[in-house]
Peer 1: 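The structure is given below, and queries will be raised subsequently.
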Amino acid sequence: MSGLIPPISAALLESVVRGWRDLSTRLVQLGRDAPEGGRGVFVNPPVTRGSTVLFSSLEAMEAAGHNRYGDELIYGAMGSPVQHQLEQAVAAIEGGAHTQVVPSGLAACTLPLLAYLGAGDHCLLSDSVYGPTRRLAERVLRRFGVEISYFPPLADEAALRALLRPNTRVIFAESPGSHSFEVQDVPMLARLARTAGARLVVDNTWGIGLFDPFAHGAHVSVQALTKYAAGHSDTIIGGVTVAHVDDWYPLRDAAIQTGQLAGPDDCWLTLRGLRTMGARQERQAASALAVALWLQDRPEVARVLHPALPSCPGHEYWKRDFSGASSLFGVVFDPAYTEADMTAMIDGLALFGIGASWGGYESLVLPTTGGIARSCPSITHGGVACRLHIGLEAPEALAADLARGLDGMSAARHLRGKG
Ligand SMILES: *Cc1c(COP(=O)(O)O)cnc(C)c1O
């Protein structure tokens with residue numbers, strides 16, 4: 001079994017783990033107080049629960065209410081000390097100035113759209129955005145008079161310019177797409193947004209710690225902290241980060257007015273998860289690359305959609321802009337295989353859980369053909385496809401599990417050919 005996975009070139013391996021290693025050192029220090037004078041502090045910021053905050057005078061209460069940065073104790077609905085510590089940590093990881101922590105990754109996608117769009121505005125979304133972001137646009141934003149349209153994730157600058165409208169106020173990208181894995185040219189999108197007087201919002205969940213959204217021109221970065229940050233598939237939480245105060249005020253206002261906050265226990269779990277994110281991901285990214293390379297050589301597989309490999313659309317942007325890779329990638333099967341073949345293969349896997357989400361310590365599989373709405377006809381995979389999330393299991397064991405499944409899949413196809 002140990003011979004299943006061929007050796008990986010040192011340079012390729014380094015290209016996927018480098019960023020995680022650099023991040024690990026910072027993750028130890030972020031979002032916690034240093035001991036000061038004679039006062040000791042716990043290593044991990046404790047859970048702080050509360051609704052009412054008491055002040056020594058009305059004047060002191062009023063002064064706290066004037067704080068617009070969101071890091072003062074005013075009332076529990078406006079954040080707690082542990083939420084503020086998580087916000088500081090996420091802002092530092094993203095390279096931004098302020099983070100608003102919200103109760104889910106989807107709320108993190110929702111908040112900037114509510115903050116920056118109004119009736120009569122136009123929002124241009126990447127066709128690769130994950131389903132709930134699209135449904136928010138279709139079912140909620142349209143109802144409030146926002147115009148919605150989609151762009152092919154790898155459209156060039158001229159094609160994109162033609163899709164801008166005089167009222168375009170937000171361009172929303174998800175790079176790489178969490179189902180279809182196109183890596184987007186974020187600096188180009190940022191240039192276009194600026195000429196249009198729009199804000200560029202990037203869902204940077206896959207690229208947490210590996211892609212610096214603000215150095216590449218984004219105005220806003222969205223994180224489903226549920227994934228790698230929390231890291232143990234036991235918390236739902238999100239964060240929205242900005243680099244500039246002009247982007248912060250409307251975002252913070254929208255958060256307060258819609259009652260967005262994350263529970264202190266979830267903030268605490270996420271802060272705790274963050275400490276080991278670099279170590280987990282250094283291992284998971286290396287295993288994911290190994291499994292992806294192994295799959296690439298299987299006859300049943302037409303194409304592996306792993307951003308670090310040239311077979312992934314937009315690989316050149318990954319190479320230019322990212323300091324590493326995550327452990328989530330796609331697999332497209334040879335067109336000879338049907339949805340039913342893939343379903344039987346997935347149902348038979350022993351080590352891959354079948355379930356939504358990703359970013360935990362465990363391996364997962366999910367079909368990505370069918371069920372995913374697309375507006376631009378340019379995205380077709382040719383064959384049926386699935387998404388793999390690689391966890392902390394031994395990559396040889398994962399490959400052996402997949403080998404059994406793929407062997408069964410091709411045997412079923414040969415039988416069909418005879419019958
Ligand atoms: C999972 C996910 C979200 C939503 O996160 P939840 O915490 O599950 O709401 C948003 N964006 C991307 C890219 C995701 O994968």
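Both counts, for ligands and for their atoms, begin at 1 and track the order of listing.
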Peer 1: Is any NZ, NE, NH1 or NH2 atom of the basic residue among Arg161 and Glu157 found under 4.0 Å from an Asp or Glu carboxylate oxygen of the other?
Peer 2: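 Salt bridge: yes.
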Peer 1: Can you tell me which residue and heavy atom of the protein come closest to atom 1 (C) of ligand 1, and the distance to 0.1 Å?
Peer 2: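 Looking at atom 1 (C) of ligand 1, the protein heavy atom closest to it is Lys227 NZ, 1.4 Å.
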Peer 1: Would you check if the side chain of Ser51 reaches a backbone N or O of Gly76 as a donor-acceptor pair within less than 3.5 Å?
Peer 2: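 Such a contact is absent between Ser51 side chain and Gly76 backbone.
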Peer 1: Atoms of ligand 1 less than 4.0 Å from Thr226 heavy atoms?
Peer 2: 6 (P), 7 (O)
Peer 1: What are the atoms of ligand 1, with element, lying closer than 4.0 Å to any heavy atom of Glu174?
Peer 2: 13 (C)
Peer 1: Within a distance under 4.0 Å of any heavy atom of Gly105, pick out the atoms of ligand 1 and give their elements.
Peer 2: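 This gives 4 (C), 5 (O), 6 (P), 7 (O), 9 (O) as the contact atoms.
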Peer 1: Using modelled atom types only, decide if a donor and an acceptor are shared between the side chain of Asp121 and the backbone of Gly118 within a distance under 3.5 Å.
Peer 2: yes
Peer 1: Considering heavy atoms of the protein only, find what lies nearest to atom 12 (C) of ligand 1 and give residue, atom and distance to 0.1 Å.
Peer 2: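 For atom 12 (C) of ligand 1, the nearest protein heavy atom comes out as Asp203 OD2, 3.4 Å.
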Peer 1: Looking only at protein heavy atoms, identify the closest one to atom 4 (C) of ligand 1 and say how far it is in Å.
Peer 2: Tyr130 OH, 2.8 Å
Peer 1: Which residue and atom name correspond to the protein heavy atom nearest atom 9 (O) of ligand 1, and how close is it?
Peer 2: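 Answer for atom 9 (O) of ligand 1: Leu106 N, 2.9 Å.
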Peer 1: Can you tell me which portion of Trp358 lies within the under-4.0 Å heavy-atom range of ligand 1? Options are side chain, backbone, both, or neither.
Peer 2: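 For Trp358, only side-chain atoms sit under 4.0 Å from ligand 1.
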Peer 1: Dump the intermediate steps for side chain to side chain donor-acceptor pair (under 3.5 Å) on Ser175 and Glu182, then the final yes or no.
Peer 2: CA-CA 7 Å; Ser175 176; Glu182 305 89 346; over 6 Å; no
Peer 1: Verify salt bridge (charged side-chain N to carboxylate O under 4.0 Å, His left out) between Arg413 and Asp334, making sure each step is shown before the conclusion.
Peer 2: CA-CA 11 Å; Arg413 180 184 153 219; Asp334 185 286; 5.2 Å; no
Peer 1: What part of Ile236, side chain from CB on, backbone N/CA/C/O, both or neither, has a heavy atom under 4.0 Å from ligand 1?
Peer 2: side chain
Peer 1: Would you mind telling me which of Arg280, Gln29, Arg32 makes a side chain to side chain contact (heavy atoms under 4.5 Å, CB included) with Arg275?
Peer 2: Arg32
Peer 1: Show, in sequence, the C-alpha distance, side-chain angles and deciding distance for Arg283 and Glu393, and conclude whether the salt bridge (charged side-chain N to carboxylate O under 4.0 Å, His left out) test is met.
Peer 2: CA-CA 10 Å; Arg283 158 84 181 249; Glu393 305 89 341; over 6 Å; no
Peer 1: Short list, please: which atoms of ligand 1 are under 4.0 Å from a heavy atom of Ala224?
Peer 2: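 In order of number, 2 (C), 3 (C), 4 (C), 5 (O), 10 (C).
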